[in-house]
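Numbered from 1 within each chain, the chains take letters A, B, ... in sequence-line order. Below, all heavy atoms of this structure are taken into account, side chains as well, without hydrogens, waters or symmetry copies.
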Amino acid sequence: MDPHGYEHLTPAEAIAYQNQLRQKINICELTTPIKTIAGADISFDKNSDILYAGIVVFRYPDMQVITTATAISHTSFPYISGLLAFREVPALFNAWNNLYSKPDILVLDGQGIAHERRMGIATHFGLLTGVPTIGSAKSRLYGKYIEPADKLFAESPMYDNNELVGIALRSKPRCKPIYISPGHNINMQQSVDVIKNCIRGYRIPEPTRQAHLLVNKIRIENGDNRTKQMGLFD
DNA sequence: GCGACAG
DNA sequence: ATCTTGTCGC
């Protein structure tokens, strides 16, 4: 299904589609070398249906920025926990198609398989494009775990019963952990290792961190800030 | 019925 | 996610 058709789906239909897609998920060792890595993120104005998507590509593992791509899209699919992909993937896909050369792997702001149906946004985007993906979330959606030690790179497994679905990673001391899970075409261990290599002193790994800065910048540049502007007319 | 709930 | 300055803690 073309992602541009997502906005016409009902929540029930979106869930049915996730159950269809999950059968194609591939969690296994990535054997091709990683020479480039990218981060993707979305920004939007509180009371608007416009999404600002951005992708930043880096050379790996030195993390020097190579290029970026953005896209401004409209959406009508609301944010529903567990169905985030149906709201953000269309915009991210547009930004992706604006990239001249694709990265070897992509990090998304959200879950991979650490999801009730194993269909977090990173997994969804990986299945759509075929690119290996990793989910790096700032908060937990699914999976039980114990708090990792307050030490850099301390890890704690996240489970769905006996199934390992993610890793809570302390990316920075005295900060809440981040939640890592493979999206598609890569395994759990490699996902965590890659993210560790992308930590540069901040809680958020560089790919996603830079993508976040980029999308916020283009949102402001486009003046999509009705809250402030409306105040001028009161 | 109650608690949880990516961005 | 976004709205927002200063402020408590390491």
Side-chain angles (χ1 to χ4, degrees), chain A residues 3 6-7 11 14-15 18 39-55 72-93 95 106-126 133-145 150-152 158-160 165-184 191 195 201-205 207-209 211-232 234:
Chain A
Y6 291 174
E7 57 184 307
I15 289 174
Q18 289 185 324
D41 195 17
I42 289 287
S43 179
F44 62 91
D45 199 61
K46 230 181 184 177
N47 36 45
S48 165
D49 286 345
I50 299 174
L51 295 185
Y52 298 83
I55 297 176
I72 300 178
S73 314
H74 173 276
T75 182
S76 59
F77 200 97
Y79 167 69
I80 298 175
S81 182
L83 300 180
L84 176 66
F86 295 89
R87 175 177 171 75
E88 302 192 346
V89 161
L92 291 175
F93 189 57
L106 179 68
V107 182
L108 286 288
D109 192 353
Q111 318 295 339
I113 61 171
H115 179 284
E116 181 177 11
R117 290 172 292 279
R118 308 295 181 270
M119 284 298 295
I121 189 168
T123 304
H124 194 124
F125 198 83
T133 56
I134 298 174
S136 175
K138 298 183 295 301
S139 60
R140 185 204 74 100
L141 169 68
Y142 193 79
K144 293 184 175 303
Y145 72 101
D150 188 11
K151 181 182 179 183
L152 183 62
M158 302 170 73
Y159 294 104
D160 176 6
V165 295
I167 294 288
L169 175 70
R170 188 78 64 182
S171 53
K172 181 174 182 176
R174 289 183 236 75
C175 283
K176 298 302 297 179
I178 55 177
Y179 305 84
I180 310 303
S181 58
H184 186 54
S191 296
I195 292 300
Y202 296 90
R203 178 170 82 115
I204 307 303
T208 283
R209 199 175 82 82
H212 188 264
L213 293 175
L214 173 63
V215 294
N216 269 312
K217 186 165 83 76
I218 65 173
R219 178 173 61 83
I220 300 304
E221 288 177 348
N222 279 270
D224 191 5
N225 196 333
R226 296 180 186 174
T227 302
K228 251 183 187 174
Q229 292 180 15
M230 285 174 73
L232 298 174
D234 287 338

Exercise. Under 3.5 Å, is there a donor-acceptor pair between the side chain of A/Ser73 and the main chain of A/Leu51?
Worked result: no
For this session: Would you kindly compare A/Arg174 and A/Ser43 by the position of their nearest DNA chain C nucleotide and give the one closer to the 5′ end?
Result: A/Ser43
Exercise. Could A/Asp150 and A/Arg174 be called an ion pair, given the rule that one side-chain N must be under 4.0 Å from one carboxylate O?
Worked result: no
Problem set entry | A/Phe86 CZ - B/dG7 P separation (whole Å) | 18 Å
Exercise. Are the ring centres of A/Phe125 and A/His184 closer than 6.0 Å?
Worked result: no
For this session: Kindly say whether the aromatic ring centers of A/His74 and A/Phe44 come within a distance under 6.0 Å.
Result: no
Problem set entry | salt bridge (Lys or Arg N to Asp or Glu O under 4.0 Å) evaluation trace for A/Asp160 with A/Lys144 | CA-CA 7 Å; A/Asp160 176 6; A/Lys144 293 184 175 303; over 6 Å; no
For this session: Taking A/Gln111 for its side chain and A/Ser139 for its backbone only, find out whether a donor-acceptor pair lies under 3.5 Å.
Result: yes
Exercise. Which nucleotide sits closest to the side chain of A/Lys46: C/dA1, B/dA6, C/dT2?
Worked result: C/dT2
Problem set entry | Side-chain N,O (A/Ser81) to OP1/OP2 (B/dA6) below 4.0 Å | yes
Problem set entry | Contact residues, residues 133-145 of chain A to DNA chain B [heavy atom, < 4.0 Å] | A/Ala137, A/Lys138, A/Ser139, A/Arg140, A/Leu141
For this session: Verify side-chain hydrogen bond (donor to acceptor under 3.5 Å, both in side chains) between A/Asn222 and A/Tyr52, making sure each step is shown before the conclusion.
Result: CA-CA 10 Å; A/Asn222 279 270; A/Tyr52 298 83; 5.2 Å; no
Problem set entry | Length of the CD1-C1' vector between A/Ile204 and B/dA6, whole Å | 12 Å
For this session: Quickly work out the A/Tyr79 OH to C/dA1 P distance and round it to whole Å.
Result: 10 Å
Problem set entry | Lys/Arg N to Asp/Glu carboxylate O, A/Asp41 vs A/Arg209, below 4.0 Å | no
Seminar exercise, completed: Any stem touching DNA chain C, meaning at least three consecutive Watson-Crick or G-U pairs under 3.5 Å, ordered by first number, would be none
Problem set entry | Check: A/Phe77 ring centroid to A/Tyr6 ring centroid under 6.0 Å | no
Exercise. Under 4.0 Å: is that the gap between some side-chain N or O of A/Asn216 and OP1 or OP2 of C/dT2?
Worked result: yes
For this session: Using a 4.0 Å heavy-atom cut-off across all strands, classify A/Leu83 as base, sugar-phosphate, or nothing.
Result: base
For this session: Can you tell me the distance, in whole Å, between the CE atom of A/Met158 and the C1' atom of B/dA4?
Result: 13 Å
Problem set entry | Interatomic distance, A/Asp41 CG vs B/dA6 P [rounded to whole Å] | 15 Å
Problem set entry | Length of the line joining A/His124:NE2 and B/dG7:C1', which is rounded to integer Å | 15 Å
For this session: Answer yes or no: does a side-chain N or O of A/Arg219 lie under 4.0 Å from OP1 or OP2 of C/dC3?
Result: yes
Exercise. Is A/His212 touching bases, backbone alone, or none of the nucleic acid, heavy atoms closer than 4.0 Å?
Worked result: sugar-phosphate
For this session: Describe the nucleic acid contact of A/Asp150 in one word from base, sugar-phosphate, nothing, applying a heavy-atom distance below 4.0 Å.
Result: nothing
Problem set entry | Atom-pair distance (CZ on A/Arg117; C1' on B/dA6), nearest Å | 13 Å
For this session: Give a yes or no on whether the backbone of A/Asp109 and the side-chain of A/Ser136 come within a donor-acceptor separation of less than 3.5 Å.
Result: no
Problem set entry | Integer-rounded Å distance: B/dG7 P and A/Ile178 CD1 | 11 Å
